[in-house]
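First up is the structure itself, then whatever we jot down about it.
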Amino acid sequence: MSQPETKPFDYLIHNVHVATMASTDDYGVVKDACVGVKSGVIQFIGTQQQLSHPNELDKNADSVINAHGQWLTPGLIDCHTHLVYGGNRANEFEMRLNGADYEEIAKAGGGILSTVRATRAASEQELFDSATKRLKSLLKEGLTTIEIKSGYGLDTETEIKMLKVAKRLGKEFPVRVATTFLGAHALPPEYKDRSDDYIDLVCNEMLPTIAELKLADAVDAFCENIGFSYQQTQKVFATAKQLGLPVKLHAEQLSDQSGAGLAADYHALSADHLEYLSQNSIEKMAKSGTVAVLLPGAFYFLRETKLPPIQALRDAKVPMAIATDSNPGTSPAESILLMLNMGCTFFRMTPLETLQGVTINAAKALGLDQEVGSIEVGKKADMVLWDIEHPNQLSYQLGGSNWARTFKS
Ligand code: DI6
Ligand code: FE
């Protein structure tokens, strides 16, 4: 009996335009291309003539997909979300529109703490179900990787519950989930006026337990006058370092605390928000390769007027990413494409920069850029097909998906 012939690829996409995002200067366009994938890994990007069987496409792969001239990009990556939480804060939205501001609401026991109460009260299944709804909207826009933070539990048990829900989302949906422990997000009510004691709990109990259970890929904190101080953040970072976990930071969102500089001192994967970022911290970020994660949804929702220093970041060649910050308080966003548009309109980023911001630079912000974030031979076949005429259409449109199909490795 003759052996069935093994074909070079499991599937081959042909008649496709590719934005590889493999170059820092442009979209890395390969027009009228073929892309071959085997075992979830990209094996070939080239012309039909370069295939082993250029005139008999079926002989190259088990499955041959005609893209009819549509565009292929890397799968989109949302590198900063708080997707798992209980309840919502539409009531506070209404309060703000009646005159209250974010800091007043937070100080009055609302804000993050109202979500903490709802998250502690919710069962694992309830958290899973509400996060599923939000995840599904993102998946409809070609998302293949998402970062999900804890930080609405603020006790060991609930932080673990949130991270377990995040991991389960990654098992039940075709999406890679990177988890981040954000125990130092806010001061829980039972530690009122004892923030150093709470940081001790984070460092001595929560972090070692979560590291032991392998529930977090990274550690984050909220360094802010309504969050934690520079010194407290440093303590969290030092503990994360001892446990071998990379760090990232909510930095300079409402004021300059030099948090991004501190994050860079700890070789952070990213510093996020950055409206009040100083030149000194920019230089430190450039040196350490820390990605600037920009969150236009929160900027918009809080009606912030101070812009992050985009031109200075650009000049210093700090890689910039864009994310939803999907959370109930400051960015109830379920559209990554809308963030691309906001990155252009509010932050004056270019369409190329915003697409880099949800592909290769977002992968860097998660430490996953060797695996995903661009269409290159050897990388995971996380790719999206779009019904567009050019990749600049992805940031041009106000949300609205031109998504056609996702390929997930
Ligand atoms: N910055 C934010 O934008 C979110 N967390 C943070 O540290 C807001 C979280 C919330 O208000 O629920
Ligand atoms: Fe956030």
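Values in this document were obtained by computation on a predicted structure and should not be read as measured data. Numbers here are sequence positions counted from 1.
Under the 3.5 Å distance criterion, the side-chain polar atoms of Q50 are matched with a main-chain donor or acceptor of T47. No donor-acceptor pair closer than 3.5 Å links the side chain of E371 to the backbone N or O of L368. With K408 contributing its side chain and F173 its backbone, the two residues share no donor-acceptor pair below 3.5 Å. The closest donor-acceptor contact from the side chain of T81 to the backbone of E147 lies under 3.5 Å. Distance alone, capped at 3.5 Å, is enough to place a donor-acceptor pair between the E141 side chain and the I336 backbone. A donor-acceptor pair under 3.5 Å is formed between the side chain of S331 and the backbone N or O of T324. Side chain of E275 to main chain of P308: no donor-acceptor pair is present (N/O by atom type, distance under 3.5 Å, no hydrogens or angles). Looking only at distances, a side-chain donor or acceptor of S281 sits under 3.5 Å from a matching main-chain atom of G261. Remark: the backbone N or O of M320 is paired with a side-chain donor or acceptor of N361 at under 3.5 angstrom. The closest donor-acceptor contact from the side chain of E92 to the backbone of G111 lies under 3.5 Å.
Nearest heavy-atom pair, V219 versus L245, reported as atom, atom and distance to 0.1 Å: CG2-CD1, 3.8 Å. In terms of heavy atoms, A323 sits closest to P296 at O-CD, 4.0 Å. Residues A33 and V18 come closest through the heavy atom pair CB-CG2, 3.9 Å. Summarising the geometry of I199 relative to F228, their closest heavy-atom pair is CD1-CD2, 3.6 Å, with the distance given to 0.1 Å. The nearest pair of heavy atoms linking A221 to L249 is O-CD1, 3.1 Å. Residues R176 and S409 come closest through the heavy atom pair NH2-OG, 3.3 Å.
Taking CG from L295 and NE2 from H80, the interatomic distance works out to 5.0 Å, rounded to the nearest 0.5 Å. To the nearest 0.5 angstrom, K140 atom NZ is 12.0 Å from T406 atom OG1. How far CD1 of I146 is from CG of L139: 8.0 Å, rounded to the nearest 0.5 Å. Note: L254 CG to C223 SG = 11.0 Å, rounded to the nearest 0.5 Å. The line from CD of E126 to OG1 of T119 is 11.0 Å long, rounded to the nearest 0.5 Å. Separation of atoms CG (L262) and CD (Q234) is listed at 5.5 Å; rounding is to 0.5 Å.
In this structure, Y27 has its ring center under 6.0 Å from that of H390.
More than 12 heavy atoms of other shown residues, nucleotides or ligands fall within 6.0 angstrom of atom OH in Y11. The number of heavy atoms from other shown groups lying within 6.0 Å of CD (Q125) is above 12. Within 6.0 Å of atom CD in E190, more than 12 heavy atoms from other residues, nucleotides or ligands are found, so the atom counts as buried in its surroundings. Enclosure of atom NZ in K59 is not indicated, since only 12 or fewer non-hydrogen atoms of other residues, nucleotides or ligands lie within 6.0 angstrom. The environment of CD in E389 is sparse: at most 12 heavy-atom neighbours from other residues, nucleotides or ligands sit within 6.0 Å.
Residues M339 and D78 have side chains not in contact (no heavy-atom distance under 4.5 Å, counting atoms from C-beta outward). With contacts defined as side-chain heavy-atom distances shorter than 4.5 Å, the pair E304/F346 does not qualify. The shortest distance between side-chain heavy atoms of L76 and L337 falls below 4.5 Å. Between L385 and V16, the closest side-chain pair of non-hydrogen atoms falls below 4.5 Å. Looking only at side-chain heavy atoms (C-beta outward), T144 and V372 stay at 4.5 Å or farther from each other. Put simply, the side chain of K38 does not reach to within 4.5 Å of the side chain of F44, judged on heavy atoms. Within the 4.5 Å cutoff, side-chain heavy atoms of C34 are placed close to those of L12. When side chains are defined from C-beta on, W71 counts as touching V29, because their heavy atoms get closer than 4.5 Å.
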**Q.** side chain to side chain contact (heavy atoms under 4.5 Å, CB included) evaluation trace for I210 with L215
**A.** CA-CA 6 Å; I210 280 157; L215 281 173; 4.1 Å; yes
Q: May I have the step-by-step check of side chain to side chain contact (heavy atoms under 4.5 Å, CB included) for V318 and I282, ending in yes or no?
A: CA-CA 8 Å; V318 173; I282 292 177; 4.2 Å; yes
Q: Please assess M206 against Y198 for the test side chain to side chain contact (heavy atoms under 4.5 Å, CB included), listing each intermediate value before the final yes or no.
A: CA-CA 10 Å; M206 290 189 186; Y198 179 65; 3.5 Å; yes
Q) Does the side chain to side chain contact (heavy atoms under 4.5 Å, CB included) test come out yes or no for L277 and L313, once each step is laid out? A) CA-CA 10 Å; L277 182 64; L313 287 165; 3.8 Å; yes
Q.
Set out, in order, the CA-CA distance, both residues' side-chain angles and the distance that settles salt bridge (Lys or Arg N to Asp or Glu O under 4.0 Å) for D200 and K235, then state yes or no.
A. CA-CA 9 Å; D200 284 344; K235 215 165 166 193; 2.7 Å; yes
Q: Kindly indicate, with the supporting measurements, whether the criterion salt bridge (Lys or Arg N to Asp or Glu O under 4.0 Å) is fulfilled by R134 and E334.
A: CA-CA 6 Å; R134 296 186 273 274; E334 298 182 7; 5.2 Å; no
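Below 30°, between 30° and 60°, or above 60°: for H82 and H185 the angle between ring planes is below 30°, a parallel geometry. The aromatic rings of Y85 and Y152 sit perpendicular, their planes meeting at an angle over 60°, well past the 30° parallel limit.
Geometrically, R96 does not engage F93 in a cation-pi contact defined by less than 6.0 Å to the ring centre and at most 45° from the axis.
In summary, the side chains of D272 and H250 do not present any donor paired with an acceptor at a separation below 3.5 Å, with no hydrogens or angles considered. Remark: the N341 side chain and the Q397 side chain contain no N/O donor-acceptor pair separated by less than 3.5 Å. Between D315 and Q311, the side chains place a donor N or O and an acceptor N or O closer than 3.5 Å (distance only, hydrogens not considered). S270 and K248 form a side-chain donor-acceptor contact under 3.5 Å, judged by distance and modelled atom types alone.
The pair R314-E353 counts as a salt bridge, with a side-chain nitrogen and a carboxylate oxygen less than 4.0 angstrom apart. Using a 4.0 Å cut-off between charged nitrogen and carboxylate oxygen, E124 and K161 do not count as a salt-bridge pair.
With respect to K149, the side chain to side chain donor-acceptor pair (under 3.5 Å) criterion is satisfied by exactly one of D220, D325, T180: D220.
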